[in-house]
Asks: 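Below are the structure tokens for one structure; questions will follow.
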Amino acid sequence: MSTKIDRISISISPPERFSFKHTVGSHGWSDLPPFSTGESLSELEYTFLDKSGLKAVPAKISIVNGEITVSISENIDDKIFLEKIKRDTAHILRLDEDLSEFYEIVDVEGNLKWISEKYAGRLLRSPTVFEDLIKTICTTNCSWSLTKSMVSNLVRELGVSSNDGAKAFPTASAMASQPESFYRESIRAGYRAPYLVEIAEAVASKKIDPESWLSPDLSTAELKNELKSVKGIGNYAAENMLKLLGRYDGLALDSWLRAQFYKKHNFEETCDDKTIRDFYENFGSWRGLAIWCDMTQRWFEEN
DNA sequence: GCGTCCAGGTCTACC
DNA sequence: GGTAGACCTGGACGC
């Protein structure tokens, strides 16, 4: 067994109200490569890619003496890459997101006061919108284990390797270079295969620019329409993407979320979606974040 | 071992 | 605009 020595350490000051554990464990993304985490949620691993898409470097992100610390076990001379790792980490953990209005609202909604007390509500995301888009496609109409399998296959087959063999998330160009049959046979993506090819080709050829969706210029309705114009992105996937883009108007209801709501608020009886929407109406444009935190509260109680 | 169901849905054709 | 049916995979479950 070898012990790795951290050669580079990057420090980032967290915002005033920030919980590393609640951000890392906010949803399943931390379980999808190139993310990984330990049981305690005190450490997050990610393999970063430089701007050229040719160099990959694995890093461990944790809290050390109150500072967010990115530890890298190899020497990197490229200051631009180090700056990118710092920016990507801030993006992943949503350090720039202001949740104060959301916290004010949950403070007066008794049952959800824990959210502001625990500093929860920051949803972990990937460094790029492209990566989140591909992963979201892989969550549709399948079990979580199949989502993990598809994303793991993608990273293993098409990701750039670091010096010690860790793999980064594949670039749009790498994905666009593969035929539909590859996604069916090697990735086991089934009917999603043509969607993955179409998105990768559109991004690689700059026909669409997912990173531009982070801009606040588009209204949420316009953004949702643009998302739904992407093949494979329906209502659930569009609303899930909107959450990852920091817009929480939609509930992103899927079978799992509905089942959790029935269990927690409807005596395990099914109900229509309108009943669920009405339940979170008071949270206004934060309703999507409110339902997600409400339905995942027990994840943190069990930890 | 085999068949069926279903899971963190979407698309298309048809009415 | 609303709805039925097809679409992939793989784990769980009943037999």
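In this text the structure is predicted, and so the values were computed from the model without any measurement.
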Asks: Quick one, give me the B/S/- string for nucleotides 8-15 of chain B, reading 5' to 3', where B means a protein heavy atom under 4.0 Å from the base and S means that only happens at the primed atoms, P, OP1 or OP2.
Replies: BBSSS---

Asks: Do A:Tyr119 and A:His22 make the cut of ring centroids closer than 6.0 angstrom?
Replies: no

Asks: Nearest-Å distance, CG (A:Asn153) to P (C:dT9)?
Replies: 12 Å

Asks: Ring centres of A:Phe279 and A:Phe261 under 6.0 Å apart?
Replies: yes

Asks: Just name whichever nucleotide pairs with B:dG8, Watson-Crick or G-U, keeping both distances under 3.5 Å, else none.
Replies: none

Asks: Nearest-Å distance, CE (A:Met150) to P (C:dG11)?
Replies: 12 Å

Asks: Is the backbone N or O of A:Leu251 less than 3.5 Å from a side-chain atom of A:Lys243, with the two atoms forming a donor-acceptor pair by type?
Replies: yes

Asks: Would you measure the distance from the C1' atom in B:dT10 across to the matching atom in C:dG11 and give it in whole Å?
Replies: 22 Å

Asks: Are more than 12 heavy atoms, taken from residues, nucleotides or ligands other than A:Asn111, located less than 6.0 Å from that residue's CG atom?
Replies: no

Asks: Is there a Watson-Crick or G-U wobble partner for C:dC8 with both distances under 3.5 Å, and which nucleotide is it?
Replies: none

Asks: Looking only at atom P, what distance separates B:dG8 and C:dC13, rounded to whole Å?
Replies: 13 Å

Asks: Which value, in whole Å, describes the distance between the C1' atoms of nucleotides C:dG10 and B:dC11?
Replies: 22 Å

Asks: Is there a path from A:Phe35 to A:Ile63 through hydrophobic residues (I, L, V, M, F, W, Y) whose side chains come within less than 4.5 Å of each other?
Replies: yes

Asks: Roughly how far apart, to the nearest Å, are B:dC5 and C:dG5 at atom P?
Replies: 15 Å

Asks: For A:Asn282, does its backbone N or O pair with a side-chain atom of A:Arg287 as donor and acceptor, under 3.5 Å?
Replies: no

Asks: In whole angstrom, what separates A:Arg188's CZ from C:dC7's P?
Replies: 16 Å

